[in-house]
Participant: 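Before we start, here is the structure in question, set down as structure tokens.
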Amino acid sequence: MSAAETILSPEAVTGAHGSSLQRLVGRHSWALLINADCRDVHEQLQADAIISDPPYGMDWPCDQTSMAKRKGCGGKDWGGKIEGDAEPFDPSPWLGYPAVVLFGANHYAQRLPVGTTLVWLKRHDAGFGSFLSDAEVAWMKGGHGVYAKRDLSMNGEALTRCHPCQKPVPLMAWCLDMAKVPKGATVCDPYMGSGSTGIACLRTGRNFIGVEKDATHFATALERMRSEVEETLL
């Protein structure tokens, strides 16, 4: 099978409503990318874990004028707001999976059961309180502890990152480990964005199913993951 095989028939995911699908096969894992609204296909998604940064109702402005006012965001124009970010997030379709990590949990905590809190520290201590959020919070299924990881790798990439809410790949790999997702397991990110969770899976020997509604971000994720697969096969 080639490094990047296109599945031409949407019948691979029943009820995908004409979605386009791409299947990538690496040396130790595979990835299936679906351009669709995850709410239309969630009943057909079979995975061992959900690891995702969903839209959670911030209605975040991503146009050039708004972003230019946010120092550190580089003034980049992302071409429109995040799909679904103007409405409250309902986590219930994803809570039944064996392992779950969902970012932005402080925005919908009332709809989540007791679980573990994961904290992504985005700044050095000296920068705390200077601009926007110092950290982002994720809910993890099971347990009741609080665990933090400092990752500053996105600080210098305001102009080069591919998505306004893009997460660092090492951060998503840490989430996989914290959720105890074994190698060879299948991870689903129903709000894939630019594909950081998928790249983390390919690098750590997990399989990946990614769903993204926005065609532009889907194309970006496909290109990033295709490059990742081709590098692993060299």
Side-chain angles (χ1 to χ4, degrees), residues 49-78 80-82 84-89 91 94 99-181 189 191-200 203-204 217 220 224:
I50 297 290
I51 310 290
S52 190
D53 180 21
Y56 33 77
M58 287 185 64
D59 199 19
W60 183 254
C62 300
D63 59 278
Q64 188 171 18
T65 300
S66 298
M67 297 303 280
K69 295 177 181 178
R70 294 169 168 81
K71 58 184 179 180
C73 297
K76 185 170 182 177
D77 193 335
W78 298 101
K81 295 182 178 181
I82 302 298
D85 194 34
E87 58 192 70
F89 175 62
W94 317 112
V100 184
V101 175
L102 295 172
F103 273 89
N106 50 306
H107 293 273
Y108 48 93
Q110 70 276 15
R111 302 195 260 310
L112 292 167
V114 174
T116 296
T117 300
L118 303 182
V119 181
W120 170 32
L121 300 174
K122 301 192 289 186
R123 304 182 188 283
H124 289 300
D125 293 358
F128 283 172
S130 60
F131 174 69
L132 294 178
S133 298
D134 300 326
E136 294 189 27
V137 177
W139 173 86
M140 185 172 76
K141 185 174 182 177
H144 46 75
V146 179
Y147 303 92
K149 177 178 177 62
R150 193 188 299 274
D151 190 309
L152 310 177
S153 58
M154 282 294 156
N155 287 4
E157 300 179 16
L159 291 176
T160 59
R161 67 178 188 260
C162 306
H163 189 283
C165 303
Q166 183 172 314
K167 293 294 183 287
V169 172
L171 174 70
M172 303 316 290
W174 175 71
C175 290
L176 293 168
D177 290 339
M178 291 300 295
K180 296 182 171 56
V181 180
D189 186 344
Y191 303 92
M192 175 174 61
S194 59
S196 293
T197 304
I199 294 173
R203 291 182 182 177
T204 59
H217 293 316
T220 298
R224 290 182 75 203

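When reading the values below, keep in mind they use all heavy atoms of this one structure, side chains included, and skip hydrogens, waters and symmetry mates.
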Participant: Below 4.5 Å, heavy atoms only, C-beta onward: do W94 and P54 meet side chain to side chain?
Facilitator: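 They are not in side-chain contact.
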
Participant: Taking the six-membered ring of W139 as reference, does the NZ or CZ atom of K141 fall below 6.0 Å from its centre and within a 45° cone about the axis?
Facilitator: no

Participant: Report the distance from atom CE of M140 to atom CG of L118, rounding to the nearest 0.5 Å.
Facilitator: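 M140 CE to L118 CG: 5.0 Å, rounded to 0.5 Å.
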
Participant: Do you know the tightest heavy-atom contact between H124 and R150?
Facilitator: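 So the two residues come closest at CA-NH1, 3.5 Å.
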
Participant: If I take atom OG from residue S194 and atom CD1 from residue I199, how far apart are they, to the nearest 0.5 angstrom?
Facilitator: 7.0 Å

Participant: If you round to the nearest 0.5 Å, how far is CG of L102 from OG of S52?
Facilitator: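 Answer for the OG-CG pair, S52 versus L102, is 6.5 Å.
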
Participant: What pairs with T204 under side-chain hydrogen bond (donor to acceptor under 3.5 Å, both in side chains), at least two apart in sequence or on another chain?
Facilitator: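 Applying side-chain hydrogen bond (donor to acceptor under 3.5 Å, both in side chains) to T204 gives R206.
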
Participant: Using 0.5 Å steps for rounding, measure from the CG atom of D125 to the CZ atom of F128.
Facilitator: 4.5 Å

Participant: Please report whether the ring centroid of Y191 lies less than 6.0 Å from that of F89.
Facilitator: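 Between F89 and Y191, the centre distance is under 6.0 Å.
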
Participant: When rounded to the nearest 0.5 angstrom, what distance separates CG in L176 from OG1 in T197?
Facilitator: 7.0 Å

Participant: Give, for atom CD1 of I51 and atom OG of S196, the distance between the pair rounded to the nearest 0.5 Å.
Facilitator: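 Between atom CD1 of I51 and atom OG of S196 there are 13.5 Å.
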
Participant: Between P170 and K149, which heavy-atom pair has the shortest distance, and what is it?
Facilitator: O-CE, 3.9 Å

Participant: Given side chains that start at C-beta, do those of V119 and V146 come closer than 4.5 Å, heavy atoms only?
Facilitator: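 Side chain of V119 against side chain of V146, heavy atoms only: contact under 4.5 Å found.
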
Participant: If you look at every heavy atom in A179 and A99, which pair is closest and at what distance?
Facilitator: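 In this case the closest contact between A179 and A99 is O-CB, 3.9 Å.
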
Participant: Would D151 and R123 satisfy salt bridge (Lys or Arg N to Asp or Glu O under 4.0 Å), going step by step from the backbone distance to the final call?
Facilitator: CA-CA 8 Å; D151 190 309; R123 304 182 188 283; over 6 Å; no

Participant: Do the side chains of W120 and P168 get nearer than 4.5 Å, heavy atoms only?
Facilitator: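 P168 reaches W120 side chain to side chain.
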
Participant: With a 4.5 Å heavy-atom cut-off, do L171 and K122 have their side chains touching?
Facilitator: no

